[in-house]
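Everything on this sheet refers to the single structure shown next.
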Amino acid sequence: MKQKAINKAAKAWVKENIGSESPTAADIEDYGFGVEEIKDAFIAGAEWQSKQSPWISVEDRLPDYDEQVIVHDAEYEEYFTHRSNNPFVQTDKDGWCSFSSRGKITHWMPVPPLPKEK
C-alpha cells in the first residue's frame, strides 16, 4: 500500500471510528487507546515505513512529464532520465526519452533532495 493510500485509509478510519479527522487526546482515550498504545503504534508504523522500497513500478504509475527521476531497467542498470511529451523529443511509447533509455524501464523513483549546507 502506498503512502497516500495509507494516509487516506487512516484518516477515514479515524473519522469513522472516532468521529473526527483531527481527534484530541481525550477523543482517542475515550475510544480506549492509551498513550503507550499510541506510542507503540507510531513506532510500529515508522518501522514498517522504513522497510518500504522507494522504487515505484511503471505498472503502478509513471512520473510526471519532465520530472527528473532515477530509473531501473530490465538490464539491471540505474540512471537518470525523464519522460517528455514534447513532439520534438524522441521518446518510447511511455514517453521515456529514448536517447537515455538503455533497456525496458521497470521501476523509477524520485531523485532525493540534496542535503542542505549549513
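Atom set for the values below is all heavy atoms of this structure, side chains included, hydrogens, waters and symmetry mates excluded.
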Worksheet item: What distance separates Glu77 CD from Ile105 CD1, expressed to the nearest 0.5 Å?
Response: 11.0 Å
Item to complete: Check whether any side-chain heavy atom of Val71 lies under 4.5 Å from a side-chain heavy atom of Trp96, and answer yes or no.
Response: yes
Practice prompt. Answer whether the closest heavy-atom distance between the side chains of Tyr79 and Ile70 falls below 4.5 Å.
Written response: no
Fill in: Residue list, side chain to side chain donor-acceptor pair (under 3.5 Å) with Glu59, at least two apart or on another chain
none
Item to complete: Rounded to the nearest 0.5 Å, what's the gap from SG on Cys97 to CG on Asp66? Could you check?
Response: 7.5 Å
Worksheet item: Is there a donor-acceptor contact under 3.5 Å from the side chain of Arg83 to the main chain of Asp64?
Response: no
Worksheet item: Any side-chain heavy-atom pair from Trp108 and Thr81 closer than 4.5 angstrom?
Response: no
Discussion item. I want to check something: taking the side chain as every heavy atom from C-beta on, are Ile56 and Met109 in contact at a cut-off of under 4.5 Å?
Written reply: no
Practice prompt. Taking all non-hydrogen atoms of both residues into account, name the closest pair between Pro63 and Val69 and its distance.
Written response: CB-CG1, 3.8 Å
Worksheet entry | Atom pair CG (Asp60) and NE2 (His107), whose distance is rounded to the nearest 0.5 Å | 7.5 Å
Discussion item. One pair to check against side chain to side chain donor-acceptor pair (under 3.5 Å): His82 and Glu67. What are the steps and the verdict?
Written reply: CA-CA 6 Å; His82 68 283; Glu67 177 184 358; over 6 Å; no
Practice prompt. Evaluate the side-chain proximity of Ser57 to Thr106: yes if any heavy-atom separation is below 4.5 Å, no if none is.
Written response: no
